[in-house]
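All ligand and atom numbering here is 1-based and tracks the order in the structure.
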Amino acid sequence: MGPKWLKDAVFYEIYPQSFQDSNGDGIGDLQGIIRRLDYVAELGCNALWVNPCFDSPFMDAGYDVRDYKLVAPRYGTNDDLVRLFDEAHARGIHVLLDLVPGHTSDQHPWFKESAKADPNEYSGRYIWTDDAFWGMEGRPYIAGMTERAGAYMLNFFASQPALNYGWLDPHKPWMSAIDAPEALATREAIKDVMRFWLDLGCDGFRVDMADSLVKNDDGCKSATCAIWRDIRTMMDADYPDAALVSEWSNPAQALCQAGFHADFYLDHHFNGYNTLLRDYETEGGDHSYFLKDSGGSIRRFLADYLPKYEQSREYGYISLITCNHDTPRPARTLSAAELKLAYAFILTMPGVPFIYYGDEIGMRYLDVRTKEGGYQRTGSRTPMQWSRDEGMGFSTAPAQQLYLPLDASDDAPCVEDQLRDADSLLSEIRRLTALRHAHEDLQADAPFSVINDDEDAAPFVYRRGKMILAVNPSSREKRFEDGLLAGKRLAYRIGEASLADGCLKMPGQSFAVLA
Ligand code: NOJ
């Protein structure tokens, strides 16, 4: 199933702009991340995903890459990144970079060449029609901006032209087949980028929009999956310890067909993950499971999750996340007490969990002006709140120079305060990650099954390996009695959960682990 280290991996996602500024220019950088590696290790995270840190005009926060092989000067140098790998490895931390294979910036030299009228080596690197007037069969495109006669396809924002991996069903002269030389050349160019960073010491990649490579791919994305399998073959042969994590959110494709080691369970409206933490867009109120007394049921999560889990568990891992740089922070609607239960669940489920920087202290979703193509995502991208010092320990730059404003409220959560408080969210999450590392049954592989999901009078009870876990997000006491509990002892609890005479008592908002 891939690299062994994934079995006990707990990831920490770092948005480099906002984590730690080391040179006082108001924006985070690689030296800043290095400075905080001990914090990451003490949090119990043994792997990092760093959002794109490559040269870019930053029209989409770096997901518009201008040079795949160069660290953006605002973050430091390639040598700094290699130092980050080394320093992380010295602490037992693996580092994934963010690979953006579906598009580049329109400032990338490949694109500039491809936009020239005279045919050249890069003419086929992107998807172009041969006529500037007839659009692109309903797909987003830009025409009229280039010397080359034709329209080029977009993969995301206007600044992100789609790289050409070919079409499953090339039915126009300008569409490349998936095995056309120009489509194969794109694939080799991306492999070359991967090799470049793997050779320098990175431990793999989180892959952006991994399902977006081949156009007109059929419903099961067979041609895109075939490309990833080819890439996985390269990894297995030459970098067997490196990991590939997909932004796909379809484990049947990403894990079973494409060969990714892990796939994010993303926040999509009304999917299982959404019902746990972020159900607020549903008509009729927010029934998020972890929102106290919301009336939400774990069954909505299970109905979506269980078939995916059963289908893919032999192939790879589903990654539950606290949040990411694209979604509202969970603290937008959940209190610290609710977040503790949600994180306890995320950190005791199978697969490979991810904590988004700042979620461990309950950083808020802020109402801030858009930055670098963030739009409503920007509120989840504000600077890390380390201390009560000026700049909250993020930066010594004057407030108006910061990448984004800090949380200005008097009770803005910060690391320093929460480290001093055994009852804080941060302290809880540190205990939870320690618990996971201490028990193989709570890690990626141990089987998961449901013991009780009838929550009228009982908590939700689930099994991981030989351990039994229970959670009660409501305000009412619930009880669970069963012969299964015989011989078990409480190994961890949140709230006053108790176990006596084969009866598990779970007061409102509690969590228990029985070993
Ligand atoms: C997904 C990334 O997470 C998001 O931040 C980005 O804007 C798009 N892909 C486009 O690369």
Determine whether more than 12 heavy atoms belonging to other residues, nucleotides or ligands lie under 6.0 Å from atom [atom1] of [X].
{"X": "His269", "atom1": "NE2", "answer": "no"}
{"X": "Met234", "atom1": "CE", "answer": "yes"}
{"X": "Met59", "atom1": "CE", "answer": "no"}

May I ask you to list the atoms of ligand 1 that are less than 4.0 angstrom from any heavy atom of [X]?
{"X": "His103", "answer": "10 (C), 11 (O)"}
{"X": "His325", "answer": "2 (C), 3 (O), 4 (C), 5 (O)"}
{"X": "Met209", "answer": "9 (N), 10 (C)"}
{"X": "Arg381", "answer": "5 (O)"}
{"X": "Asp60", "answer": "6 (C), 7 (O), 8 (C), 10 (C), 11 (O)"}
{"X": "Glu247", "answer": "1 (C), 3 (O), 9 (N)"}
{"X": "Arg377", "answer": "4 (C), 5 (O), 6 (C), 7 (O)"}

_Option with minimal heavy-atom separation from atom 8 (C) of ligand 1, where the choices are Phe264, Phe156, Phe157_ = Phe156
_Protein heavy atom at shortest distance from atom 9 (N) of ligand 1_ =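 Nearest neighbour among protein heavy atoms for atom 9 (N) of ligand 1, to 0.1 Å: Asp208 OD1, 2.7 Å.
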*asked:* Counting non-hydrogen protein atoms only, what is the nearest one to atom 5 (O) of ligand 1? Give residue, atom name and distance.
replied: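 Answer for atom 5 (O) of ligand 1: Asp326 OD1, 2.7 Å.
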*Looking only at side chains, do Tyr403 and Asp21 share a donor and an acceptor under 3.5 Å apart?*
no
*Would you please determine whether Arg206 falls within less than 4.0 Å of ligand 1 on a heavy-atom basis?*
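Arg206: in contact with ligand 1 (<4.0 Å).
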*Side-chain ion pair, Arg206 and Glu13, N-O less than 4.0 Å*: no
*Can you name the side-chain contact (heavy atoms from CB on, under 4.5 Å) partners of Asp304, sequence neighbours left out?*
Tyr265, Asn271, Lys308
_Residues that Asp55 engages under side-chain contact (heavy atoms from CB on, under 4.5 Å), provided they are two or more places apart_ = Arg66, Asp67, Leu70, Pro73
*May I ask you to establish whether Arg332 and Tyr280 are in a cation-pi arrangement, using a distance under 6.0 Å from NZ or CZ to the six-membered ring centre and at most 45° from the ring axis?*
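Yes.
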